[in-house]
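First up is the structure itself, then whatever we jot down about it.
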Amino acid sequence: MIAFVSGPVAALAPDAAVIEVGGIGMSVQCAPGTLAALRIGQPARLATSLVVREDSLTLYGFADDDERQVFELLQTVSGVGPRLAQTMLAVHAPDALRTAVAAGDEKALMAVPGIGKKGAQRLLLELKDRLGAPVGPGAARGLGSPVGTSWREQLHAALLGLGYATREADEAVAAVTPQAEATAEPNIGALLRAALQTLNRTR
C-alpha cells in the first residue's frame with residue numbers, strides 16, 4: 001500500500017492533483033478542500049489510500065492520516081465505495097462525521113449527495129462505536145460548518161490553486177453564487193465544476 005506521496009505539485013485538476021515523486025507524476029484523486037491547499041510548483045505531502053479494482057488502480061489523497069483512516073473505515077459500510085466516502089469527507093470533516101454518528105444525526109449524513117434516509121440509517125448502524133469520539137479542537141462546532149459557512153473561501157482558493165487569476169476566481173464565484181445559495185449545504189465539488197464551466201466559456 002502507498003501510505004503517502006510527497007513532492008512538488010506538477011498539475012491540478014478539479015478532482016485530482018499530480019505529485020512528482022522521484023521523477024514520476026502520481027495522479028491522486030482529492031476532494032476540493034484538499035486541492036484548495038495545494039499550489040503548482042510547491043511541495044506537498046498527501047496521505048493516500050490505494051483502491052484496487054479489476055480494471056483500475058486509483059490513488060486517493062487526503063490532508064492527513066486521520067482523513068485517510070476515516071475514508072477507509074467508511075468503505076466497510078455496505079453500499080459505500082471510494083467515491084461516496086470521499087464525497088462524505090468533502091462535506092463533513094472527520095470529527096463532524098464522528099459527531100453525527102455519535103448523535104444519530106441522520107439529517108447531517110443526508111446532506112451528503114448520494115445518501116438518502118436508508119443510507120444514513122445504515123451508516124449510523126454500521127459505524128456506531130467504530131468511528132470513535134471527536135478528536136480535534138473544533139469537534140464541538142456544528143456539523144458541516146467547513147462547507148456551509150465558507151464555501152466562497154474554499155471555492156476561491158481552489159480556483160487560485162488551479163492557476164486562475166484572482167479576478168477570474170472572483171467572477172466565477174459570483175457566477176455560481178445563486179446556485180450555492182439555493183441549497184442549505186452547498187456542495188463544493190459541484191460548485192467547482194460549475195465555476196470551471198463559466199471560466200471556460202469566457203476564455
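FYI, side chains are in, hydrogens and waters are out, and symmetry mates aren't considered; it's all heavy atoms of this structure. Computed from a prediction, not measured in an experiment: that's the story for all the values here.
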Nearest atoms (heavy-atom pairs only) where A100 meets L124: O-CD2, 3.8 Å

Verdict with reasoning, V51 to R53, per side chain to side chain contact (heavy atoms under 4.5 Å, CB included): CA-CA 7 Å; V51 176; R53 294 286 185 266; 3.3 Å; yes

Ion pair check, R45 and D64, cut-off under 4.0 Å: no

Main-chain N/O of Y60 paired to R68 side chain as donor or acceptor, under 3.5 Å: no

Side chain proximity check, T58 to L50, heavy atoms < 4.5 angstrom: no

Least distance between heavy atoms, S6 atom then V21 atom: O-CG2, 3.8 Å

CD1 on I2 to CG on L59, rounded to 0.5 Å: 5.0 Å

Nearest-0.5 Å distance, CE of residue M110 to CG of residue D105: 10.5 Å

Hydrophobic cluster identity match, L73 and F4, side-chain contacts under 4.5 Å: no

Heavy-atom side-chain contact between V70 and E72 under 4.5 Å: no

Under 3.5 Å: donor-acceptor pair, side chain of T48, backbone of G61: no

Student check: side-chain heavy atoms of V9 and V18 closer than 4.5 Å: no

Min side-chain heavy-atom separation L97-L74 under 4.5 Å: yes

Qualifying residue, where the test is side chain to side chain contact (heavy atoms under 4.5 Å, CB included) with F62 and the options are P94, C30, S49: S49

Any L123 side-chain heavy atom under 4.5 Å of V101 side chain: no

Residue pair R83 / Q29, side-chain heavy-atom distance below 4.5 Å: yes

Between T76 and E126, a side-chain donor and acceptor under 3.5 Å: no

R122/E106 salt bridge by N-O under 4.0 Å criterion: no

Residue pair P8 / G41: nearest heavy atoms and the distance that separates them: CB-O, 4.4 Å

Charged N-O contact under 4.0 Å between R98 and D95: yes

Distance, nearest 0.5 Å, that separates CD of Q69 from CD of E67: 11.0 Å

Whether H92 side chain and A108 backbone form a donor-acceptor pair below 3.5 Å: yes

Test item: T198 and E171 side chains (from C-beta on) under 4.5 Å apart, heavy atoms: no

I24 with L46, same ILVMFWY side-chain cluster at under 4.5 Å: yes

CG on L35 to CG on D15, rounded to 0.5 Å: 7.5 Å

Side chain E181, main chain P178, donor-acceptor under 3.5 Å: no

Contact check, side chains of I40 and L12, non-hydrogen atoms, under 4.5 Å: yes

